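Taking it in order: structure first as structure tokens, then the write-up.
Owing to the predicted nature of the structure, the values given are computational and were not obtained by experimental measurement. Just so we're on the same page: letters track the sequence lines, and every chain starts at 1.
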4 protein chains.
Amino acid sequence: MKTPAIVINFKAYEESLGKKSLELAKMAEKVWKEKGVTIAVAPQLVDLRTIVSEVEVPVFAQALDQAQVGAFTGFTTLQAIKDAGADGFILNHSERRVNLSLISEAVNHARSLKLISLICADTADTTGAVSSLNPDFVAIEPPELIGTGIPVSKAKPEVVTGSIDRVRRVGSTSKVICGAGITTAEDVRAALKLGTVGVLLASGVVKAKDPLRVISEMADACL
Amino acid sequence: MKTPAIVINFKAYEESLGKKSLELAKMAEKVWKEKGVTIAVAPQLVDLRTIVSEVEVPVFAQALDQAQVGAFTGFTTLQAIKDAGADGFILNHSERRVNLSLISEAVNHARSLKLISLICADTADTTGAVSSLNPDFVAIEPPELIGTGIPVSKAKPEVVTGSIDRVRRVGSTSKVICGAGITTAEDVRAALKLGTVGVLLASGVVKAKDPLRVISEMADACL
Amino acid sequence: MKTPAIVINFKAYEESLGKKSLELAKMAEKVWKEKGVTIAVAPQLVDLRTIVSEVEVPVFAQALDQAQVGAFTGFTTLQAIKDAGADGFILNHSERRVNLSLISEAVNHARSLKLISLICADTADTTGAVSSLNPDFVAIEPPELIGTGIPVSKAKPEVVTGSIDRVRRVGSTSKVICGAGITTAEDVRAALKLGTVGVLLASGVVKAKDPLRVISEMADACL
Amino acid sequence: MKTPAIVINFKAYEESLGKKSLELAKMAEKVWKEKGVTIAVAPQLVDLRTIVSEVEVPVFAQALDQAQVGAFTGFTTLQAIKDAGADGFILNHSERRVNLSLISEAVNHARSLKLISLICADTADTTGAVSSLNPDFVAIEPPELIGTGIPVSKAKPEVVTGSIDRVRRVGSTSKVICGAGITTAEDVRAALKLGTVGVLLASGVVKAKDPLRVISEMADACL
């Protein structure tokens with residue numbers, strides 16, 4: 001996945017379900033085609049297969065429950081995500097923390113399935129820990145800023161730079177993106193200036209009055 | 001949903017993912033068309049929307065995480081299931097137990113969305129408890145028999161009849177089906193004889209050499 | 001346990017740990033001795049054994065993880081609670097929801113161990129469901145009122161009376177207490193007037209400036 | 001804590017509850033006094049305070065739920081463990097996995113409380129990840145060997161040496177112990193030869209016919 005990248009997490013919002021999910025994904029695709037900036041989308045699980053088949057931008061699952069197939073009623077596996085055509089997955093978002101063993105197994109297994117792994121962390125310390133597993137991306141998101149509109153890149157720049165530093169110190173190949181409170185092109189610019197390769201955001205686009213404009217401006221900030 | 005009914009839980013098996021999911025669902029539809037017996041299917045979440053659009057039999061989600069929409073990364077909501085076109089959902093399977101508050105909220109909210117609720121329970125006592133919430137169906141499944149091929153309808157008939165008794169005693173309108181170890185038409189017949197309105201099964205069909213034959217024979221047992 | 005009863009949940013507050021736990025329990029004992037009203041306490045797990053050996057009032061564990069002994073690192077079992085000398089346990093508090101199977105197993109097993117079971121529920125519906133298992137007590141606590149100082153007995157009397165009604169309708173022998181927002185003697189009086197046999201409260205006593213006075217006045221409300 | 005060390009996890013066994021917990025801890029103390037080898041014990045939470053006050057060997061809590069005090073019914077906090085007099089805690093055992101944020105918060109907060117942190121991990125990869133947080137100890141335990149009597153130090157030596165290697169590679173100060181299947185003095189010797197500073201074991205001692213003899217022989221293996 002080419003960076004800088006903007007990853008849009010659709011969460012379980014009403015504004016990003018079904019038809020609206022497709023509309024948002026189409027906006028992401030439009031901006032990507034116009035500007036050449038990677039705009040990835042993470043739709044709800046029931047929409048995953050449809051979005052994959054309808055748009056060309058990278059598509060991520062928002063989570064998974066289990067690395068391996070088996071007798072697990074209601075569980076979404078790495079294989080299911082791959083079969084649905086997803087390019088990758090988000091894991092360990094602060095709204096759905098998982099244990100370290102699943103993170104490790106998913107990251108390792110993702111490599112053989114050629115799926116992009118994007119693991120969330122909440123502090124510089126936990127960013128260091130998950131980056132030692134060498135996922136493709138680590139997203140540093142202080143949970144107290146999520147959904148606030150107060151961008152981590154401005155409110156807690158030291159958490160972002162500290163996270164990047166930890167990744168380097170454990171000798172990891174992971175790239176760092178940041179999230180929480182990202183709502184404007186300026187926030188994206190600040191994030192990149194701090195040394196990240198992109199942003200993870202949700203309500204800033206999904207709940208925006210004019211999502212296309214927001215995505216477009218954020219893409220400009222990446223040029 | 002007309003009863004007797006056979007509900008096939010696809011779990012997270014490799015044999016029931018993607019294309020294979022559709023093949024299994026088509027078999028269910030074929031038997032339903034030939035014999036008029038309800039054969040419902042519960043595919044994996046990533047396959048839900050496809051199966052709904054491709055077959056006419058009742059389609060259930062295998063689980064849900066949250067009754068209401070919102071900022072819940074990786075969560076599948078009742079609205080998502082409804083939007084995907086599902087007819088109903090399974091909840092509280094022994095492989096994915098949830099708390100009582102979610103069961104209650106899902107059952108209540110399902111009524112307004114016209115979704116069929118099928119709640120699993122593991123004993124006569126817990127069947128009584130969940131049936132007091134009046135879900136459409138309660139599936140009694142002793143977890144120690146799941147996947148064994150030893151049918152609950154034969155190994156523990158008293159759990160099945162005890163469950164039916166509890167449903168009546170708490171004044172519930174729920175219908176009882178049973179599961180765990182169901183692999184043959186005879187198991188289905190035994191289940192119906194005990195007073196249930198159907199069965200919930202998984203590996204008995206999904207892992208069968210000839211799933212169509214198994215479904216077909218089980219349907220005959222319902223006539 | 002004689003009713004009306006006041007059950008004080010110490011939660012994981014700093015003000016109710018170790019020495020302070022004993023001080024609070026001694027206050028409960030003092031009021032009980034003076035007025036003959038049941039004041040039960042639910043200390044933190046590490047304090048359970050000490051409180052049991054130092055005071056004569058009923059002592060409850062705040063939770064348990066597992067009904068049976070075994071290879072469960074970090075789990076507190078029913079046997080551990082019994083061995084520690086506790087009189088009973090709270091289970092399914094909204095801050096630590098558990099699944100229905102554990103509730104059922106704990107309630108059943110508690111009878112043979114002569115432990116008092118007190119199960120929390122959040123709505124009239126879930127009160128009905130858990131009361132069908134016939135625990136000794138069901139505590140109805142709307143989570144949105146917990147810790148607010150807005151008493152359920154005044155803010156949502158219909159939830160309390162509705163809960164009592166459900167218990168009767170499922171033919172349960174459980175007694176109903178109520179909680180959430182209880183901070184004054186008047187709140188206790190209102191709770192009893194609605195037909196409950198007591199209250200479950202935490203910060204109203206633990207965080208009070210003069211806990212002894214609060215307990216004492218609440219006991220008066222029970223006379 | 002002086003190393004080599006033998007850490008005995010009492011789990012939730014009947015053989016290690018209450019009076020029996022004290023007997024086991026006294027055996028540990030006896031061997032420690034005779035041979036000068038560190039024998040630490042991890043009793044059940046309800047026994048923690050008693051064991052601390054009755055024996056002089058290091059005492060660990062088997063788990064904790066929350067780093068900070070507050071309105072958390074049924075949760076055991078780091079402060080509660082400290083107040084009970086424990087020397088440290090085990091966290092993330094495969095029987096009670098927790099998320100990475102709690103591990104990180106507990107390790108950091110433990111330093112200021114002067115509590116020893118011992119974090120379990122299941123593979124070399126996850127050992128590397130948790131060791132980047134610099135807990136005092138990391139215990140590598142392949143879950144498939146726990147309780148089998150097949151010692152990790154013999155069955156999977158490469159997992160143990162691989163774990164030690166990862167700890168070094170991420171620049172961690174953590175010491176490595178190993179566990180799973182450890183039942184004899186020879187297993188302990190093998191563990192130390194691989195470069196660990198001790199072992200974590202449970203049934204090998206708790207379920208032994210003559211626990212004192214087992215502890216004593218294991219201590220000899222450390223001399």
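- For the residue pair Ser101(C) and Thr126(B), the shortest heavy atom distance occurs at CA-CG2, 4.2 Å.
- For Asp122(C), the part lying near chain B is the side chain, with the backbone staying farther off; criterion is any non-hydrogen pair under 4.5 Å.
- For NZ of Lys82(C), the number of neighbouring non-hydrogen atoms (other residues, nucleotides, ligands) closer than 6.0 Å is greater than 12.
- Residue Leu100(C) touches chain B through both its backbone and its side chain, counting heavy-atom pairs closer than 4.5 Å.
- No more than 12 heavy atoms of other residues, nucleotides or ligands shown are found within 6.0 angstrom of CD on Glu186(C).
- Summarising the geometry, atom CZ belonging to Arg96(C) is positioned 13.0 Å from atom CG belonging to Asn99(B); distances are rounded to the nearest 0.5 Å.
- Proximity to chain B is limited to the side chain of Asn108(C), based on heavy atoms less than 4.5 angstrom apart.
- Within a 6.0 Å radius of CD in Glu144(B), other residues, nucleotides and ligands contribute more than 12 heavy atoms.
- Shortest non-hydrogen contact noted between Ser132(C) and Ala129(B) is OG-CA, 3.2 Å.
- Atom CD of Glu15(B) has more than 12 heavy atoms from other residues, nucleotides or ligands within 6.0 Å.
- In Glu14(C), the CD atom is not crowded: 12 or fewer heavy atoms of neighbouring residues, nucleotides or ligands sit closer than 6.0 Å.
- The CD1 atom of Ile103(C) lies 12.0 Å from the CG atom of Asp125(B); values are rounded to the nearest 0.5 Å.
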